[in-house]
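Any value given below was found using the heavy atoms of this structure, including those in side chains, with hydrogens, waters and symmetry copies removed. Count residues from 1 along the sequence.
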Amino acid sequence: MANPIRQKEIDERVGKFADKFWGAFQMTENGRVKSTILLYSFCLCWVLLALYGGCFVLFNPWLDSLLQGMPVGLVTLAEALVPAAAGTAAASLVWLLPGDKRLLPAAYIWLALLLLACLIGLMILMGWESAGLVLQFFGMFALAPLALGLGFSLLAYYLYWKKRPPAEDPARPWKRQ
């Protein structure tokens, strides 16, 4: 039997976390969003999803006719990597825009969360008997773009973060680097 006092503490913690999370999407007194990075990266996540979908629609028929007669594993690998690489190259243009450089890695993290939710939903809906088909679909159309895009964006952000000048300490203005 569950302890009602312990359950009440857990419910309070979950409630506080949910209020804090959803509070980031609420407006401030002057009508602005509290966390613009969350909102912008979430919207960019859907743009990335459409971009990768477009790349798969454009490249896969062409690749299928080009690689006809080749081994199935090679065709599958090419049909997964070529559109993913093209989509990642197009998505990397976001990095050239001025503004917060955390936007692209955050959008890929949102994309990873959405794809994980879709994978879980597909596994539940299709049943565990067809898990191999679901995982093959996920690996071909989701894992390659996610791995390439997230890898590129995290590497680019790391290199950007490493090169940025150190922040000055306002308490010690005499100490310059």
Side-chain angles (χ1 to χ4, degrees), residues 10 13-14 17-25 33 35-97 99-162:
I10 292 171
R13 286 184 194 161
V14 169
F17 175 77
D19 290 342
K20 188 177 179 181
F21 176 76
W22 290 112
F25 293 101
V33 179
S35 177
T36 56
I37 188 79
L38 277 176
L39 182 63
Y40 292 163
S41 63
F42 183 73
C43 293
L44 182 60
C45 155
W46 291 101
V47 172
L48 293 177
L49 192 63
L51 176 72
Y52 282 114
C55 285
F56 276 100
V57 166
L58 288 175
F59 283 107
N60 277 353
W62 174 72
L63 285 171
D64 195 38
S65 65
L66 181 70
L67 299 174
Q68 195 167 5
M70 298 291 234
V72 176
L74 179 68
V75 173
T76 303
L77 188 66
E79 286 182 350
L81 290 179
V82 170
T88 300
S92 67
L93 295 175
V94 172
W95 188 259
L96 301 175
L97 296 174
D100 197 350
K101 298 298 183 188
R102 297 176 299 171
L103 186 62
L104 193 59
Y108 276 109
I109 291 171
W110 274 114
L111 192 59
L113 292 173
L114 287 174
L115 290 174
L116 182 63
C118 286
L119 176 66
I120 292 170
L122 276 172
M123 294 292 276
I124 291 171
L125 288 175
M126 295 192 66
W128 296 105
E129 300 85 35
S130 58
L133 179 65
V134 171
L135 291 175
Q136 181 182 5
F137 174 80
F138 180 78
M140 183 172 176
F141 293 111
L143 197 58
L146 188 62
L148 287 176
L150 189 60
F152 165 78
S153 65
L154 289 175
L155 178 67
Y157 183 72
Y158 173 74
L159 294 174
Y160 168 78
W161 178 75
K162 195 174 172 183

Ignoring hydrogens and angles, tell me if any N or O in the side chain of Ser92 forms a donor-acceptor pair with the backbone of Ala89 under 3.5 Å.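 Yes: the side chain of Ser92 pairs with the backbone of Ala89.
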Take Phe141 and Asn60 through the test side-chain contact (heavy atoms from CB on, under 4.5 Å) and record every step on the way to the result. CA-CA 11 Å; Phe141 293 111; Asn60 277 353; 3.7 Å; yes
Minimum heavy-atom distance between [X] and [Y], given as atom pair plus value:
| X | Y | answer |
| --- | --- | --- |
| Ala86 | Cys55 | C-SG, 4.1 Å |
| Tyr108 | Thr88 | OH-CA, 4.4 Å |
| Leu148 | Ala84 | CD1-CB, 3.7 Å |
| Leu81 | Ala144 | CD2-CB, 4.2 Å |
| Leu143 | Gly139 | CB-O, 3.5 Å |

Sole residue of Ile109, Val94, Leu104 in side chain to side chain contact (heavy atoms under 4.5 Å, CB included) with Ser153: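 Exactly one candidate clears the test, Leu104.
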Steps toward side-chain contact (heavy atoms from CB on, under 4.5 Å) verdict (Leu114, Leu49): CA-CA 10 Å; Leu114 287 174; Leu49 192 63; 5.6 Å; no
Side chains of [X] and [Y]: closer than 4.5 Å at any heavy-atom pair?
| X | Y | value |
| --- | --- | --- |
| Leu150 | Pro105 | no |
| Trp110 | Leu38 | yes |
| Leu122 | Phe138 | no |
| Leu44 | Leu111 | no |
| Leu58 | Pro83 | no |
| Leu103 | Ile37 | yes |

Nearest-0.5 Å distance that lies between atom CG in Leu48 and atom SG in Cys43: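 Atom-to-atom, Leu48:CG and Cys43:SG are 11.5 Å apart.
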Atom CG of Asp64 and atom CD of Glu79: how far apart are they, to the nearest 0.5 Å?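 Going from the CG atom of Asp64 to the CD atom of Glu79 covers 5.0 Å.
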For Tyr52 together with Phe56, are the ring centres under 6.0 Å from each other?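 Ring centres of Tyr52 and Phe56 not closer than 6.0 Å.
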For Tyr157 and Trp95, what are the C-alpha separation, side-chain angles and deciding distance, and is it a side-chain contact (heavy atoms from CB on, under 4.5 Å)? CA-CA 9 Å; Tyr157 183 72; Trp95 188 259; 3.9 Å; yes
